[in-house]
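Letters A, B, ... are given to chains in the order of the sequence lines, protein chains preceding strands, and every chain is numbered from 1.
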There are 2 protein chains.
Amino acid sequence: MSITEKPIRSMREQICDAVRAEVFSGEMTNDQPVREQPLAERFGVSRGSVRDALLQLSQEGVLVYSPNRGVRVSSPPSDAEFRLYAKLRKEIEAHCLDICMDQLTEEDDRNLTNLLATLEDACRRADLSAITETDLAMHRYWVSRASRELESVWLGITVRMLIVYTLLEDYMEVHQEHAAIVEAIVRRDLKGAKRAVNENIRYK
Amino acid sequence: MSITEKPIRSMREQICDAVRAEVFSGEMTNDQPVREQPLAERFGVSRGSVRDALLQLSQEGVLVYSPNRGVRVSSPPSDAEFRLYAKLRKEIEAHCLDICMDQLTEEDDRNLTNLLATLEDACRRADLSAITETDLAMHRYWVSRASRELESVWLGITVRMLIVYTLLEDYMEVHQEHAAIVEAIVRRDLKGAKRAVNENIRYK
DNA sequence: TTTCGTCTAATTGTTAACAATTCGAGCATT
DNA sequence: AATGCTCGAATTGTTAACAATTAGACGAAA
């Protein structure tokens with residue numbers, strides 16, 4: 001276990017992760033209201049903690065908040081907005097690779113390789129929820145390595161792109177593309193990594 | 001009074017706005033912890049509402065949250081990050097002008113002109129707090145007109161640029177630049193407006 | 001039939017008390 | 001003096017009860 005590891009996750013973060021995953025997997029449909037009480041009972045906590053989590057997810061863009069009316073699942077962005085998000089995301093991730101590439105350790109390589117294996121498994125099982133989650137975790141890895149501040153901005157953009165319910169024709173292609181990224185990173189090939197990331201983030 | 005106007009602001013939003021303004025005006029120094037109880041007493045509400053506000057400001061990037069340790073004022077971004085933020089911001093605002101330019105009404109023109117007058121007054125008084133607040137409000141105007149979703153992303157980027165304590169040499173220049181933007185918008189001159197915005201958002 | 005008001009159930013907003021955690025002062029030990 | 005320990009004050013985290021708001025059902029009147 002690494003020293004920098006933070007095994008404890010606050011209640012709020014756990015709820016955030018769970019709800020976010022359910023939204024991405026399509027278990028919660030767009031515009032469907034998300035109630036506080038049922039979630040509180042499901043997680044065995046009080047409404048206060050759930051409130052905190054829902055508020056944070058609203059700020060992230062996963063949910064939309066209306067005063068006195070609670071939150072609902074966000075609607076997908078327009079095509080024009082989606083293209084803008086993709087452009088911004090490419091620039092952020094390129095910047096992050098610039099920053100973190102030459103300070104990555106062998107442990108980072110191992111972690112990324114493990115994530116890649118998890119992704120491959122999810123692709124084989126055609127488990128859209130797991131694919132999305134692992135995809136997010138991989139990109140998040142190099143972004144968070146570069147800057148905690150940027151990570152927050154990046155997440156807000158990325159979750160909005162993931163709201164769209166994408167039915168992929170070829171799941172294994174997802175794995176291929178990420179394998180190319182990880183290979184380039186392990187080789188410390190900055191240009192190659194940027195190119196691979198650029199090809200992975202598509203304009204829909 | 002317009003129908004779409006929302007005169008009521010939730011307690012959380014009021015606290016957010018107040019704390020945000022104080023951070024931008026330099027009244028709260030970097031890395032200084034922000035305690036819940038004093039704020040609660042100041043606003044005459046309970047800690048719960050203050051908690052909500054501080055959590056939201058953390059997500060926005062104005063404050064930094066540490067579990068069990070509360071929040072503190074964010075540190076300014078590095079030069080490289082600042083340049084990236086400026087680039088992203090230019091692209092977002094250009095996109096928003098694209099979207100909203102031809103659906104602006106005469107009332108929007110009046111609102112922008114009023115904001116410009118407020119800005120001019122603040123520049124004359126050399127009131128850095130008011131200048132920052134009005135500057136933010138003006139840019140936010142065309143962003144929010146284009147998309148509520150984008151507004152949230154844009155705010156996260158913009159507040160991080162404003163954390164830096166900028167001591168301007170010529171306050172009236174700020175007014176000049178915004179006057180150029182508003183003039184172009186009132187003329188419905190898309191290219192001119194984009195150019196003026198581009199020149200206003202500087203790489204530090 | 002349509003429209004308007006009233007009531008009620010469901011839901012969110014707020015509060016105050018209590019639990020858990022952090023951090024530093026002070027002291028004992030080496 | 002330096003190190004490690006205990007304790008307590010300050011602070012955040014969580015909870016449950018209460019207040020305020022919303023939305024929909026139900027009628028009454030035009």
Notebook entry, point to check: With His139(A), which residues qualify under ring pair (Phe, Tyr, Trp, His ring centres under 6.0 Å), at least two apart?
Noted result: Trp142(A), His178(A)
Notebook entry, point to check: By a strict heavy-atom criterion of less than 4.0 Å, which residues belonging to residues 43-53 of chain B are in contact with DNA chain D?
Noted result: Arg47(B), Arg51(B)
Next item on the list: Could you tell me, to 10°, how much the axis swings from one end of the helix from dT1(C)-dA30(D) to dT30(C)-dA1(D) to the other, five pairs per end?
Entry: 20°
Notebook entry, point to check: Can you list every pair that meets salt bridge (Lys or Arg N to Asp or Glu O under 4.0 Å) and has a residue in residues 49-59 of chain B, with sequence neighbours left out?
Noted result: Arg51(A)-Asp52(B), Asp52(A)-Arg51(B), Glu36(B)-Arg51(B)
Next item on the list: Give every residue pair that meets the ring-ring contact (aromatic ring centres under 6.0 Å, His included) criterion with at least one member in residues 85-138 of chain B, sequence neighbours excluded.
Entry: none
Check: Excluding sequence neighbours, so at least two apart, what forms side chain to side chain contact (heavy atoms under 4.5 Å, CB included) with Ser25(A)?
Finding: Glu27(A), Ser129(A)
Item checked: Residues forming a salt bridge (charged side-chain N to carboxylate O under 4.0 Å, His left out) with Arg42(B), sequence neighbours excluded -> Glu22(B)
Check: Taking only residues two or more places apart in sequence, or in another chain, which ones meet Glu60(A) in a salt bridge (charged side-chain N to carboxylate O under 4.0 Å, His left out)?
Finding: Arg20(A)
Next item on the list: Name the residue closer to the 5' end of DNA chain D, choosing between Arg69(A) and Arg12(A) according to the nucleotide with the nearest heavy atom.
Entry: Arg12(A)
Checklist line | With sequence neighbours excluded, residues passing salt bridge (charged side-chain N to carboxylate O under 4.0 Å, His left out) with Glu177(B) | finding: Arg202(B)
Checklist line | Contacts of type salt bridge (charged side-chain N to carboxylate O under 4.0 Å, His left out), residue Arg188(B), not counting sequence neighbours | finding: Asp109(B)
Check: Quick one: how far along DNA chain C does chain B reach, first to last nucleotide 5' to 3', anything under 4.0 Å to a heavy atom?
Finding: dT14(C) to dC23(C)
Checklist line | Least distance between heavy atoms, Pro77(A) atom then Val164(A) atom | finding: CD-CG1, 4.0 Å
Item checked: Counterpart residues, side chain to side chain donor-acceptor pair (under 3.5 Å), relative to Arg125(A) (two or more places apart) -> Asp121(A), Asp127(A)
